[in-house]
Amino acid sequence: FFIAPTDLSNSNPNPSLRPHVINNSWGCPPSEGCTTRAELEMIVDNTQAAGIFVVASAGNSGPNCQTVVDPPAIYEASFSVGAINILNALASFSSRGPSTFETPNLLKPNLSAPGVNVRSATSGSDTSYNSFNGTSMAGPHVVGVVALLWSARPHLVRDIAQTKTILQNTANQGVTVALQTCGGTPSTQIPNNSFGYGRGDALAAY
């Protein structure tokens, strides 16, 4: 649907209406059908190939290593996001990499963003809000950075590879976490499998 949105009757798919960036604050564990974990790889790859930036929440199974385990966060095409708090400390629940889905293993998460005590709209009414914790709160921050960056730098629109490079190379490395070594990489080294390249920085990326 995202690659070629349809009308209300599920007809007339139109790729020109595809979004620039999508948020994926969900995972597909074995209990929901992803038993081999490869079930969604082709569609995520195809979505990226269509010029859609795929952001995925890393998961809330930390602090142990190799806890980025569910699709779509485990794939190379997915730009996976961990969660930090207002003090730039990595949340204990934020899943750590590496992703063991492929060999060699993949660095995950790619980036981290605010995901602790984040104010968000709720479905109670048009004016109801609450505060939530989770990488599902962090992922949308990165989606917003991509949208801002592509608005300000139109030549980057649909250039997924260059955008990923910019986001990672301009990340704020001042994320703190208790020393751990995941996938052979200590958390004192950048990038690492605890918080990736650091905190997403919209201004630096711009």
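In this chain, residues are counted from 1 in sequence order.
Side-chain atoms of Ile52 and Val21, non-hydrogen and from C-beta on, never get closer than 4.5 Å to each other. Counting heavy atoms from C-beta outward, Val146 and His20 have side chains that stay 4.5 Å or more apart. Side-chain contact between Tyr75 and Leu106 is absent, with no heavy atoms from C-beta onward closer than 4.5 Å. Annotation: side chain of Thr122 is in contact with side chain of Ser128 (closest heavy-atom distance under 4.5 Å). Residues Ser25 and Pro140 are in side-chain contact: their nearest non-hydrogen atoms beyond the backbone lie under 4.5 Å apart. Looking at Ile166 and Leu156, their side chains come closer than 4.5 Å, going by heavy atoms from C-beta outward. Taking 4.5 Å as the limit, every side-chain heavy atom of Asn133 sits out of range of all side-chain heavy atoms of Val118. Annotation: side chain of Lys108 is not in contact with side chain of Ile74 (no heavy-atom distance under 4.5 Å).
Stacking of Arg18 on the aromatic ring of Phe2 is not recorded, the 6.0 Å distance cut-off and the 45° axial limit not both being met. In this structure, Arg119 is positioned above the aromatic face of Tyr129, its NZ or CZ under 6.0 Å from the six-membered ring centre and within 45° of the axis.
Considering every non-hydrogen atom in both Thr67 and Ser61, the closest pair reads CG2-O, 3.3 Å. Summarising the geometry of Ser187 relative to Ala178, their closest heavy-atom pair is OG-O, 3.9 Å, with the distance given to 0.1 Å. Residues Ala205 and Leu167 approach most closely at CB-CD2, 4.3 Å, considering heavy atoms. In terms of heavy atoms, Cys34 sits closest to Leu40 at SG-CD1, 4.1 Å. Between Thr181 and Cys65 the shortest heavy-atom distance is O-SG, 3.6 Å. Between Cys182 and Gly97, the closest heavy-atom pair is CB-O, 3.3 Å.
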side-chain contact (heavy atoms from CB on, under 4.5 Å) between Cys28 and Glu39, worked out:
CA-CA 9 Å; Cys28 182; Glu39 288 86 355; over 6 Å; no
side-chain contact (heavy atoms from CB on, under 4.5 Å) evaluation trace for Ser194 with Leu90
CA-CA 8 Å; Ser194 298; Leu90 188 65; 4.0 Å; yes
Decide side-chain contact (heavy atoms from CB on, under 4.5 Å) for Lys164 and Gln48; before the verdict, give the C-alpha distance in whole Å, the side-chain angles of both, and the deciding distance to 0.1 Å.
CA-CA 12 Å; Lys164 287 182 177 181; Gln48 176 174 264; 2.8 Å; yes
Can you list the steps and then say if Phe1 with Thr6 is a side-chain contact (heavy atoms from CB on, under 4.5 Å)?
CA-CA 7 Å; Phe1 176 81; Thr6 65; 3.6 Å; yes
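A donor-acceptor distance shorter than 3.5 angstrom exists from the side chain of Arg153 to the backbone of Tyr206, with no hydrogens or angles considered. Of the possible polar contacts, none joining the Tyr197 side chain to the Ser112 backbone as a donor-acceptor pair under 3.5 Å is found. Although no hydrogens or angles enter the test, the distance criterion places a donor-acceptor pair under 3.5 Å between the side chain of Ser95 and the main chain of Gly59. Under the 3.5 Å distance criterion, the side-chain polar atoms of Asp201 are matched with a main-chain donor or acceptor of Leu203. Proximity of a side-chain donor or acceptor of Ser80 to a complementary backbone N or O of Ala58 within less than 3.5 Å is not detected. Side chain of Asn192 to backbone of Phe195: a donor-acceptor contact under 3.5 angstrom is found. Although no hydrogens or angles enter the test, the distance criterion places a donor-acceptor pair under 3.5 Å between the side chain of Arg37 and the main chain of Val69. Between the side chain of Asn12 and the backbone N or O of Asp7, no donor-acceptor pair lies under 3.5 Å.
To the nearest 0.5 Å, atom CD1 of residue Ile3 and atom CG of residue Asn46 are 5.5 Å apart. Note that OG of Ser31 is 8.0 Å distant from CG of Asp70, once rounded to the nearest 0.5 Å. How far CG of Leu111 is from CZ of Arg199: 10.0 Å, rounded to the nearest 0.5 Å. Taking CD from Glu76 and CD from Glu41, the interatomic distance works out to 9.0 Å, rounded to the nearest 0.5 Å. Atom NE2 in His141 sits 11.0 Å away from atom CG in Asn23 (nearest 0.5 Å). Between the CD atom in Glu102 and the OG1 atom in Thr100 there is a gap of 10.5 Å [rounded to 0.5 Å].
Atom CG of Leu179 has more than 12 neighbouring heavy atoms from other residues, nucleotides or ligands inside a 6.0 Å radius.
Of the N and O atoms on the side chains of Arg96 and Gln180, at least one donor lies less than 3.5 Å from an acceptor on the other residue. Looking at Thr163 and Trp150, their side chains do bring a donor and an acceptor atom within 3.5 Å of each other. No side-chain donor-acceptor contact under 3.5 Å links Ser94 and Thr135.
Partner Asn193 forms a side-chain contact (heavy atoms from CB on, under 4.5 Å) with one of Val68, Leu107, Asn105 and no other, that one being Leu107.
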